[in-house]
Amino acid sequence: MDKVFNTPLAHLLGALLVLLAPIFLQGVEGTIGVNYGTVADDLPPPVQVASFLRDSTFIRRVRLFDANPEILKAFARTGISVTVNVPNDLIPQLTMLSFAQQWVEINVLPYIPATNIVRILVGNEVISTANKLLIVSLVPAMETLQAALVEKSLDRHIRISTPHFLGILSNSSPPSTGKFRPGYDIHVLKPLLEFLRATNSPFMINPYPFFDSSDNTLDYALFRPNPGVFDETTQLTYTNMLDAQLDAVFSALKLLDFEDIEIVIAETGWPSRGDPGQAGVDTGIAAEYNKKLIQHVMSGIGTPLMPNRSFETYIFALFNEDLKPGPTCERNFGLFKPDMTPVYDIGIVHPRVANAAANTDHSHTNSRTNLLLLLLVCLMCF
């Protein structure tokens, strides 16, 4: 087998696939979305962002971290599916029907159907806040918001969920031992999962292999060849960290008899810049993770415990956000710069746009065409 893969023909085929990758990536629009954060003072106007995503990329899903009216107006008639977010601090008030009705009146009704709002997220990583009031109010707030949607006959088009930090798991390794933290599992997550099942909504998580990686596990986190991690219980081998994280969540769901609920990746990504001396952080590695992420979640291969499925996935983030607090990496998760040129290429920009940009510097399109022709001629010789 090694002899086959080391032939000149194999190398030519590999080069051809690389060149044709943008064509194959056109399928991303159904599965891959982006998180559109705005903690920055140098971002382009929302109307430009919406037009750019519609006209120049394959992205057809966007998640907001609020319900910014300017952004919601900007996405009108773009066909892009939009997810909006209720901030954590409004969750207690949302348990009151009158407030939930008012929230829908102000943040949803003025924009639909022109803007395709498909999901409302109630808070973000609420359980990880350890705020008792927020935690006990979470499910009642989701139920009340659902009632407000039902009143307006919007419940079949707009779903409600809430994203979770993986810290909700008390065990995650090996993946078959995944389970939710005691106390939260029965009193918070079980009622939450019952709501999600009843409303046909997904369980949403924020897995970040970046934050769990080290020098020793970088290959595992980046989908590179590695020895893998063997799960003694299931006799399954994990070749990447994301699969292990997803299956740990699946095991926790199964333990509560909710393995039928869809899992959506609400956030994941890799920074292109970090603090001095920080390992595993540069544009090449960020591009590698996000490109392989797209290929993996779209492949239909699934995970060892969830085979033959793809995962709706939102990459964090659309832009670098220069006003975010914390270490340097927190401000450098963006796929695009403020002028909407890519920080690095992962194949989500339409080839015609990428080629036009390249042609401002050199005749890149002609070179690619000539190389393709050369490859095809060479292939015909075999």
Side-chain angles (χ1 to χ4, degrees), residues 35 37-39 63-69 83-108 117 119-152 154-155 158-172 178-199 201-208 211 249 252-253 255-256 258 261 263-267 314 316 321 323-326 330:
N35 287 270
T38 56
V39 187
R63 176 199 170 190
L64 310 181
F65 288 91
D66 51 24
N68 183 300
T83 293
V84 296
N85 218 125
V86 179
N88 283 3
D89 58 3
L90 292 185
I91 291 174
Q93 294 171 266
L94 203 62
T95 61
M96 298 179 289
L97 181 59
S98 59
F99 186 85
Q101 291 168 328
Q102 183 183 38
W103 195 92
V104 171
E105 291 277 354
I106 294 172
N107 297 288
V108 177
I117 299 174
R119 191 175 289 143
I120 302 172
L121 304 185
V122 178
N124 186 43
E125 299 185 345
V126 173
I127 293 176
S128 68
T129 66
N131 183 311
K132 290 183 179 179
L133 178 60
L134 294 183
I135 293 169
V136 300
S137 301
L138 178 59
V139 177
M142 295 171 71
E143 293 171 337
T144 307
L145 184 58
Q146 175 72 8
L149 291 180
V150 170
E151 281 188 357
K152 299 296 182 180
L154 297 174
D155 54 301
I158 300 176
R159 308 296 185 187
I160 296 171
S161 190
T162 184
H164 302 279
F165 169 56
L166 289 189
I168 59 173
L169 300 174
S170 60
N171 287 347
S172 60
K179 65 179 181 179
F180 296 120
R181 291 189 176 278
Y184 294 129
D185 54 352
I186 301 301
H187 300 295
V188 181
L189 289 165
K190 188 174 181 180
L192 170 63
L193 291 165
E194 288 170 346
F195 170 83
L196 296 178
R197 177 182 280 165
T199 59
S201 300
F203 187 73
M204 303 186 73
I205 58 171
N206 298 340
Y208 279 92
F211 289 115
V249 172
L253 293 172
L255 204 59
L256 295 180
F258 288 97
I261 292 180
I263 295 173
V264 166
I265 299 173
E267 289 181 34
Y314 293 79
F316 188 88
E321 297 175 76
L323 298 183
K324 292 194 76 172
E330 290 288 347

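The model shown is predicted, which means the values in this text are computed figures rather than measured ones. One-based numbering along the sequence shown.
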With rounding to the nearest 0.5 Å, note down the distance linking CG in Leu193 to CZ in Phe203. 5.5 Å

Tell me the closest heavy-atom pair linking Arg159 and Thr199, and the distance in Å. NH1-O, 3.2 Å

Has the side chain of Ser201 got a donor or acceptor atom that lies under 3.5 Å from a matching backbone atom of Ser161? no

Return the minimal non-hydrogen interatomic distance between Leu196 and Ile160, and the atom names on each side. CD2-O, 3.7 Å

Less than 3.5 Å apart, which donor and acceptor atoms pair up between the side chains of residues 129-141 and the rest of the protein, not counting sequence neighbours?
from, atom 1, to, atom 2, distance (Å)
Thr129, OG1, Val126, O, 2.6
Thr129, OG1, Asn131, N, 3.2
Asn131, OD1, Leu133, N, 3.0
Asn131, OD1, Leu134, N, 3.1
Ser137, OG, Leu133, O, 2.7

With rounding to the nearest 0.5 angstrom, report the CG to CG distance, Asp66 to Asn124. 12.0 Å

Roughly how far, to the nearest 0.5 Å, is OH of Tyr314 from CD1 of Ile265? 11.5 Å

Classify the ring geometry of Phe65 against Phe316: parallel below 30°, tilted from 30° to 60°, perpendicular beyond 60°. perpendicular

Nearest 0.5 angstrom please: His164 NE2 to Ile263 CD1, how far? 11.0 Å

I'd like to know if the side chain of Arg197 and the backbone of Ile261 have a donor-acceptor N/O pair within less than 3.5 Å. no

For residues 91-107, dump all side-chain donor-acceptor pairs below 3.5 Å to protein atoms at least two apart in sequence or in another chain.
from, atom 1, to, atom 2, distance (Å)
Thr95, OG1, Pro92, O, 2.6
Gln101, NE2, Glu151, OE1, 2.8
Gln101, NE2, Glu151, OE2, 2.9
Glu105, OE2, Lys152, NZ, 3.1
Asn107, ND2, Trp103, O, 3.0

Between Asn171 and Lys179 (side chain of the first, backbone of the second, donor and acceptor by atom type, cut-off under 3.5 Å), is there such a pair? no

